[in-house]
There are 2 protein chains.
Amino acid sequence: MKKTNVTTLPEINASELDLLKVLWREGALAAREVHTRLGERNSWAYSTTRTVMERMVGKGLVEKKLFHGLNLYEAKISRPAGLARLVRNFADRVLELDPAPVVSLFAEGEALSAEEIRELSRLLEEAKP
Amino acid sequence: MKKTNVTTLPEINASELDLLKVLWREGALAAREVHTRLGERNSWAYSTTRTVMERMVGKGLVEKKLFHGLNLYEAKISRPAGLARLVRNFADRVLELDPAPVVSLFAEGEALSAEEIRELSRLLEEAKP
DNA sequence: TTCTTCATGCGACAACTGTAGCACGTACGC
DNA sequence: GCGTACGTGCTACAGTTGTCGCATGAAGAA
């Protein structure tokens, strides 16, 4: 079972990225909690949040696990793995350049730890040849 | 009539970007020509190419003009404008950073002229506040 | 026990995308 | 004049995404 192959990861669209960000930040959450966290940025109905998450489970982006009778959702792909997918795509198609320089841009922000940046870099490197 | 407002530009998806690249590079082309240029990268049927282009006309990304009885398609948005849309999106959502540093990455490649890079930069700047 | 509140599983429907095919008309080679 | 080759306008149909609502069942409040 290949686990970190960037190229075979499913696409991540805008909505999905929003949800993933919440899960990456807060770990496993109940649907209701995810919905609340989304609250400001998003005006979805609760059922919409659930549908999107449920579909992400189907795509393998999110994992659903029963915890004392309550369903918790957790990101199934790491943040570096998800970002790698997006960065590679952007570098290839828009920049038409190697993704490496893009990675260094993350260093300016605070979204990623140094550790995650290294991991991101590694993932992009590894899928290169 | 606002002409270069990045934020109101329609989304540009992967297929559309492919077509736009051809048109940016070669100017106005007949559907058949576009299809041929796409040939290597793309295994669409000719009718698919036409459908996608026609839809792009509807979205205002491409313009169709009759030339001596033949329809020619031409990009309606400039390359810097299109790229601005994509860069802004990526910077906002993935990098969670200002788009300016991304622009400087274009300097490394040869896809854009210095002039276009300036224009791209200007467009991103102007839509900022 | 009965009422109220949620979580959860399902179903729905419209818009957008991927991917074509068909029919008609016109221009051109024979 | 006729058949052949395209350009063009339409139509189609399945899969994905956006966006919800409904019904059922379990758990807690009264």
Side-chain angles (χ1 to χ4, degrees), chain A residues 8-23 26 28-74 77 82 85-86 89 93, chain B residues 8-23 26 28-74 77 82 85-86 89 93:
Chain A
T8 59
L9 237 51
E11 298 267 350
I12 298 174
N13 66 33
S15 310
E16 293 168 344
L17 182 56
D18 282 339
L19 287 230
L20 280 176
K21 279 182 183 172
V22 171
L23 296 179
E26 316 225 15
L29 291 181
R32 183 67 67 177
E33 295 174 311
V34 174
H35 181 64
T36 304
R37 302 298 189 288
L38 244 42
E40 304 92 43
R41 247 199 54 71
N42 193 309
S43 58
W44 285 346
Y46 173 54
S47 48
T48 303
T49 303
R50 279 196 325 120
T51 299
V52 173
M53 270 203 301
E54 211 52 55
R55 286 174 180 168
M56 289 172 77
V57 171
K59 290 169 89 174
L61 291 174
V62 165
E63 206 166 9
K64 177 161 76 163
K65 43 180 65 170
L66 212 51
F67 181 76
H68 293 270
L70 180 69
N71 278 319
L72 293 188
Y73 294 86
E74 186 169 24
I77 63 170
R85 182 70 164 81
L86 296 164
N89 201 55
R93 306 188 47 78
Chain B
T8 59
L9 238 51
E11 298 266 350
I12 299 174
N13 67 33
S15 309
E16 293 168 344
L17 181 57
D18 283 340
L19 288 228
L20 279 176
K21 280 181 183 173
V22 171
L23 296 179
E26 316 225 14
L29 291 182
R32 183 67 66 178
E33 295 173 312
V34 174
H35 182 64
T36 304
R37 303 297 189 288
L38 244 42
E40 305 93 42
R41 247 200 52 71
N42 195 307
S43 57
W44 285 345
Y46 172 54
S47 49
T48 302
T49 303
R50 278 198 324 122
T51 300
V52 173
M53 270 203 302
E54 212 51 55
R55 286 174 180 168
M56 288 172 78
V57 171
K59 291 169 89 172
L61 291 173
V62 165
E63 205 165 10
K64 179 162 74 163
K65 44 181 65 170
L66 211 52
F67 181 77
H68 292 270
L70 179 69
N71 278 318
L72 293 188
Y73 293 87
E74 185 168 25
I77 62 171
R85 183 70 165 80
L86 296 165
N89 201 54
R93 309 188 46 77

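A quick note: this is a predicted structure, and the numbers were derived from the prediction, not measured.
Side-chain contact between B:M53 and B:V57: absent, with no pair of heavy atoms (C-beta onward) separated by less than 4.5 Å. A 4.5 Å side-chain heavy-atom check between B:E11 and B:R85 finds at least one atom pair inside the cut-off. Using a 4.5 Å cut-off on side-chain heavy atoms (C-beta onward), A:V62 and A:L19 make no contact. Contact annotation: the side chain of B:T36 never approaches that of B:L29 to less than 4.5 Å [non-hydrogen atoms, C-beta and beyond]. Within the 4.5 Å cutoff, the side chain of B:R50 has no heavy atoms near those of the B:H35 side chain.
Atom pair B:E33:CD and D:dT8:P shows a separation of 11 Å (rounding to whole Å applied). One atom, CD1 of A:I12, and another, P of D:dT17, lie 12 Å apart when rounded to the nearest Å. Rounded to an integer number of Å, the gap from CD of A:E54 to C1' of D:dT16 is 16 Å.
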Next item on the list: Sugar-phosphate atoms are those with a prime plus P, OP1 and OP2; base atoms are the rest. Using that split, label each nucleotide of nucleotides 14-26 of chain C B, S or - for protein heavy atoms under 4.0 Å, 5' to 3'.
Entry: ---BBBBB-----
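Scanning all heavy atoms of the two residues, the minimum distance from A:I12 to A:L61 falls at CG1-CD2, 4.2 Å.
Put simply, the side chain of B:K21 gets close to the backbone of A:R93: a donor and an acceptor are under 3.5 Å apart.
There is no side-chain donor-acceptor pair under 3.5 Å between A:Y73 and A:E33.
For B:R32, a side-chain nitrogen or oxygen approaches OP1 or OP2 of D:dG7 to under 4.0 Å.
Scanning residues 62-74 of chain A for heavy-atom distances under 4.0 Å to DNA chain C yields A:K64, A:L70, A:N71.
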